[in-house]
Structures are given as C-alpha cells and as structure tokens.
Amino acid sequence: MAEDKKLVEAITSMDVDFAQWYTDVCKKAELMSYSSVKGCMIFKPAGYAIWENIKNELDRRFKETGVENVYMPMFIPESLLEREKDHVEGFAPEVAWVTYGGLNPLQERMCVRPTSETLFCDFYKDEIQSYRDLPKVYNQWCSVVRWEKETRPFLRSREFLWQEGHTAHATAEEAEARTQQMLNVYASFCEEVLAIPVIKGRKTDKEKFAGAEATYTIEALMHDGKALQSGTSHNFGDGFAKAFGIQYTDKDNKLKYVHQTSWGATTRLIGAVIMTHGDNSGLVLPPRVAPVQVDIIPIMQKKEGVLDKAFEVMDTLKAAGLRVKVDDSDKNPGWKFSEQEMRGIPVRVEMGPRDIEAGQAIVVRRDTREKITVNISELADKIKEILDAMQVEMLERARKHRDEHTYVATNYDEFKDIVANKPGFVKAMWCGDQACEDKIKEDTTATSRCMPFAQEHLSDVCVCCGKPAKKMVYWGKAY
C-alpha cells in the first residue's frame, strides 16, 4: 500500500496551498500538461473529454434556441480591428500580431483573434440587407489567443477554447431578450450539468466588455472563496453596427441599424468544476459531465472468470446508457482505487471471486465514499439512482458552501474586515460611482462581481462613500 499512499500524498492539501493543490490535481488527474510554448497548455484525453461533454451539451442547448454554427478566420486585419475604438482599446494589451507571411513582411499586420466581433460585423454588413434577413443567430466553436501575463491551467492561458455567439436583430428589445436568454442557458447548464450554483447579474460599466452597452454574467464561488466569472452575455446595442455600417431596410422601407449581441463560455469551466467539487484526493466530477461515470475494478482479476464477468457487467451498464470502463491494468487494486479517486470517476464497482459467486458487487460513491453491496442483476438501476443522487447532492453542497461564505457589509470598516479575513462574496450597497469601485479595489483587491438581478436593500447608503445607494453589488476577490 506504500505506493497507493504516495499517489495521494503527491497532492498538496487544499488547506495548505490551494493554488498548488489545483495545479497538482490538473497534472495528477492527467487533465493537461505544460507546453513548450510558454503560457499555453496541452489538453490530455481526460481533460479534453470533459470539454467535449461541456461543448456537446451547450451546443445542444444553443440549437434548441435557434442558434446555428459557423466558423470565421483566425486572423483579423489591423484596420478591421480598429473600426470600433472602445473594443480595440480593451484588447490592445493582449493581442498577438502576425507580421510575416512566409518570408515576406505583410503589408498590414494581422492579429490572431482575441475575439471575433469585428469579423462577424464585417460579414454581417454584406449579409444583411432587409428585415427579411434578420435575425442572424450564429455561434462558432474555436480557440482564441490573448497574451496573458500570468497563466494557470484552464483558468487563464494564452490560447484557450471557447464558443462565441454573435447575433444581429431588428430591434433593441429583441437583442436584449437574446442577451438574457443566453445568460439563462449558461446558468441552467452550470447548475444542471456542472452542479455549480451561480449568481446572475449585470456587470458595472467598469467591468463590462469593451464596446458593449451592457454585460451580464454568471458568477460562481470556488472552494477557496474566490469568485470565477463562468459565462458572459453582452448587449452591443447598435454601436458596432454604426462602426461597421450594418444596416437593413425595414417593412416601411426605412434604413435602420441592427442591434447585436455576443455571448461566450470557455474551458475555464473545467477549472470551475475542479475548484468547486475537488477534494484532497483529487478530482470529483459531477456525473452528467464525467467522461467515465463508472470504473469497474476487478479484484484478483487473474482468477478464472473474474475479468469475463467484469466485461459482461460493463456491457450491461453500457446498454443501460452509462459511460463505463474496466480497469484491467496489472496494477494492484489499492492503486486502482486511488487512481479512480484522483480522476474523479463518480462511481467505483469492486468485484472479486467471492462477490461474483454471491452474485453481488461493491459500489462506492466518489463524493461521499459511501459503500453499498448490490446484486449484480440490479447494478444498472442502482448505479443510475446513485448518479442522480450525486448530481443533486453535489449542487446542494456547493450552494451551501457558497451561502455560508456570502457576507453582508453595511459600512466600509466592516467591508474591509470581511474581505481581509473571510474569503467569499460580500454583498454591499453601492452609489454607482466608479471612484468608489476603484477605491475598493485599491484598498482590498476585491472587485465588483455583478449587480444581481435579485436585488436586496441592505442599507440606504454606499458602503464606501456613504452617499445614497443605487444598487446592491456582489464583491469579491476573483480569478
């Protein structure tokens, strides 16, 4: 058992060093490895499989709302990027530039897309002529490049995977409805599939997307009390349309500008799953996003009939719609148990000669480590029941953790004390002045996470300056 013990000990305790624990889990669960390109990472099969499940489920939900997928070039001419002033200023520090094509200098620099608003706008200006051409509800799955100074696996890398939706509408009302609809898609996906509870709200003007009229966000709380922006939806109004000349003729034969939206979620959702549900033994995956839901571990597998029975059970469980594997490697069972825990596989099934003779198997839950004995004939139904319970209970535990780490501050001393000593969200009133937002960030490093749709009246005055309050805001330190 010495090597089993060592495998678990290789993870730093999250209470000792959360950042190191996170990195250890990413590497030991074989989700990723570092690349020779500084700031970029390699998605290993276990990590990419989680992204495929996220992508497939989000894509299905998008299409239910009428979204169609397209693909745009990865290069953006400098002149195109500069069409929308606020937008280019917002991204300028993170842009990677291409200056040569083969051996020849380019006449115009090309940026590797940090986001594709300008490409979609350039496309829409020719594609949209009449009200009959609207709405355009497009999305693309791709990678983008942002030259980040500090990187961390999944959460922040110089190239990352995401989807970006870009829509064009005839009216401001339609655009606003689509903006909020997509935010709700993200929120329900996070809660129903990733078992991560989120706060829905609007970003302050300081924190909104460059070039947007309004940015809406879902904010999640990680185990260490830091916030993670987990999906955003932006209403662009007609600002980009005016910059790019995207006009249509309406039913009255009048020329009007379209109203646009953009919305995105990224591979940082994998980081959110790790930091919301993981423990000191490794990853804990919610069943609905787990690439493998059941790990069958044969005991004394060299004995006649053991492996045959394990594969027979695997086929039965697969036929019931479960994602299953048999660990028939030559490692000892204790090592296999540790590896299953490290990888976060939701359910482990142990079966040896005595179990098979008795027509039963041992089923172990990854999250609670609860063990039960189940008749082999009833395994499929029982495991489905366990997975359903896990999905619900993981969300409940994450919500309980968030609620227990959400505090209220009604004056600035109280606010600063909470931020310094109690990791989590702080709810506090705000006057709406960016000067207060800047001061709070400078004094505490906490930022405004969102102005929640579910507003509460905590006091009459701003927590920072004491002037009349306009909004209740969630504040916190963030990734």
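Nothing fancy with the numbering, it's 1 onward along the sequence.
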(message) Walk me through whether Tyr248 and Tyr131 qualify under ring pair (Phe, Tyr, Trp, His ring centres under 6.0 Å).
(response) CA-CA 6 Å; Tyr248 72 97; Tyr131 69 90; 7.7 Å; no

Minimum-distance pair of heavy atoms, taken over all atoms of [X] and [Y]:
X: Pro346; Y: Leu387; result: CB-CD2, 3.7 Å
X: Ala10; Y: Lys28; result: CB-CE, 3.6 Å
X: Ala398; Y: His277; result: CB-CE1, 4.3 Å
X: Ile199; Y: Cys450; result: CG2-SG, 3.8 Å
X: Val364; Y: Lys371; result: CG2-CG, 3.6 Å
X: Val426; Y: Ala409; result: CG1-CB, 3.9 Å

Any heavy-atom pair between the side chains of [Y] and [X] that's under 4.5 Å?
X: Tyr48; Y: Glu52; value: yes
X: Arg268; Y: Arg156; value: yes
X: Glu437; Y: Trp475; value: yes
X: Leu31; Y: Ile50; value: yes
X: Gln229; Y: Arg449; value: yes
X: Gln140; Y: Asn69; value: no
X: Met41; Y: Ser35; value: no
X: Pro153; Y: Tyr34; value: yes

Please determine whether a side-chain nitrogen of the Lys or Arg among [X] and [Y] lies less than 4.0 Å from a carboxylate oxygen of the Asp or Glu.
X: Lys206; Y: Asp438; answer: yes
X: Asp279; Y: Arg366; answer: yes
X: Lys125; Y: Asp122; answer: yes
X: Arg365; Y: Glu393; answer: yes
X: Glu339; Y: Arg343; answer: yes
X: Arg399; Y: Glu396; answer: no
X: Glu174; Y: Arg178; answer: no
X: Lys439; Y: Asp443; answer: yes
X: Glu148; Y: Arg158; answer: no
X: Asp59; Y: Lys55; answer: no
X: Asp417; Y: Lys422; answer: no
X: Asp250; Y: Lys256; answer: yes
X: Glu192; Y: Arg288; answer: no

(message) If you take the centroid of each ring, where Trp contributes its six-membered ring, are Phe240 and Tyr124 closer together than 6.0 Å?
(response) no

(request) Compute the centroid of each ring, for Phe62 and then for Trp263, and state whether the two points are separated by less than 6.0 Å. (result) yes

With distance as the sole criterion, is a donor-acceptor pair present between the side chains of [X] and [Y] under 3.5 Å?
X: Ser262; Y: His234; value: no
X: Arg61; Y: Ser188; value: yes
X: His166; Y: Glu164; value: yes
X: Arg369; Y: Ser281; value: yes
X: Asp224; Y: Tyr479; value: yes
X: Asn235; Y: Glu213; value: no
X: Thr118; Y: Arg113; value: no
X: Tyr186; Y: Glu191; value: no
X: Thr215; Y: Glu207; value: no
X: Gln180; Y: Asn184; value: no
X: Thr167; Y: Thr261; value: yes

(request) Take atom NZ of Lys471 as the centre, draw a 6.0 Å sphere, and report whether it contains more than 12 heavy atoms from other residues, nucleotides or ligands. (result) no

(request) Taking atom CD of Glu64 as the centre, report whether more than 12 heavy atoms of other residues, nucleotides or ligands fall under 6.0 Å from it. (result) yes

(request) Given side chain to side chain contact (heavy atoms under 4.5 Å, CB included), test Leu285 with Ile345 step by step and report yes or no. (result) CA-CA 6 Å; Leu285 289 173; Ile345 297 170; over 6 Å; no

Could you state the interatomic distance from [atom1] ([X]) to [atom2] ([Y]), rounded to the nearest 0.5 Å?
X: Ser230; Y: Leu221; atom1: OG; atom2: CG; value: 10.0 Å
X: Tyr71; Y: Leu119; atom1: OH; atom2: CG; value: 10.0 Å
X: Glu94; Y: Thr115; atom1: CD; atom2: OG1; value: 11.0 Å

(request) Please work out which of the three classes, parallel, tilted or perpendicular, describes the rings of His223 and Phe18, given edges at 30° and 60°. (result) parallel

(request) Say whether, by atom type as modelled, one donor and one acceptor occur between the side chain of Gln455 and the main chain of Pro452 under 3.5 angstrom. (result) yes

(request) State whether the side chain of Asp17 and the backbone N or O of Gln20 hold a donor-acceptor pair below 3.5 Å, judged by distance alone. (result) yes

(message) Could you walk me through whether Phe43 and Phe154 satisfy the ring pair (Phe, Tyr, Trp, His ring centres under 6.0 Å) test, starting with their C-alpha distance in whole Å, then the side-chain angles of each, then the deciding distance to 0.1 Å, before giving a yes or no?
(response) CA-CA 9 Å; Phe43 285 74; Phe154 300 112; 5.5 Å; yes

(message) With side-chain contact (heavy atoms from CB on, under 4.5 Å) as the test, pick out the partner of Ile270 among Ile54, Val289, Leu155.
(response) Ile54

(message) Exactly one of Val98, Val95, Leu80 should register a side-chain contact (heavy atoms from CB on, under 4.5 Å) with Cys111. Which one does?
(response) Val95

(request) Step by step, work out the side chain to side chain contact (heavy atoms under 4.5 Å, CB included) result for Ile128 and Val258. (result) CA-CA 9 Å; Ile128 297 166; Val258 300; 4.1 Å; yes

(request) Take Ile440 and Val463 through the test side chain to side chain contact (heavy atoms under 4.5 Å, CB included) and record every step on the way to the result. (result) CA-CA 10 Å; Ile440 286 170; Val463 74; 4.3 Å; yes

(request) Decide yes or no on side chain to side chain contact (heavy atoms under 4.5 Å, CB included) for Trp21 and Ile11, but give the supporting numbers first. (result) CA-CA 6 Å; Trp21 166 84; Ile11 303 182; 3.4 Å; yes

(request) Could you point out which residue of Lys203, Lys200, Arg402 forms a side-chain hydrogen bond (donor to acceptor under 3.5 Å, both in side chains) with Glu219? (result) Lys203

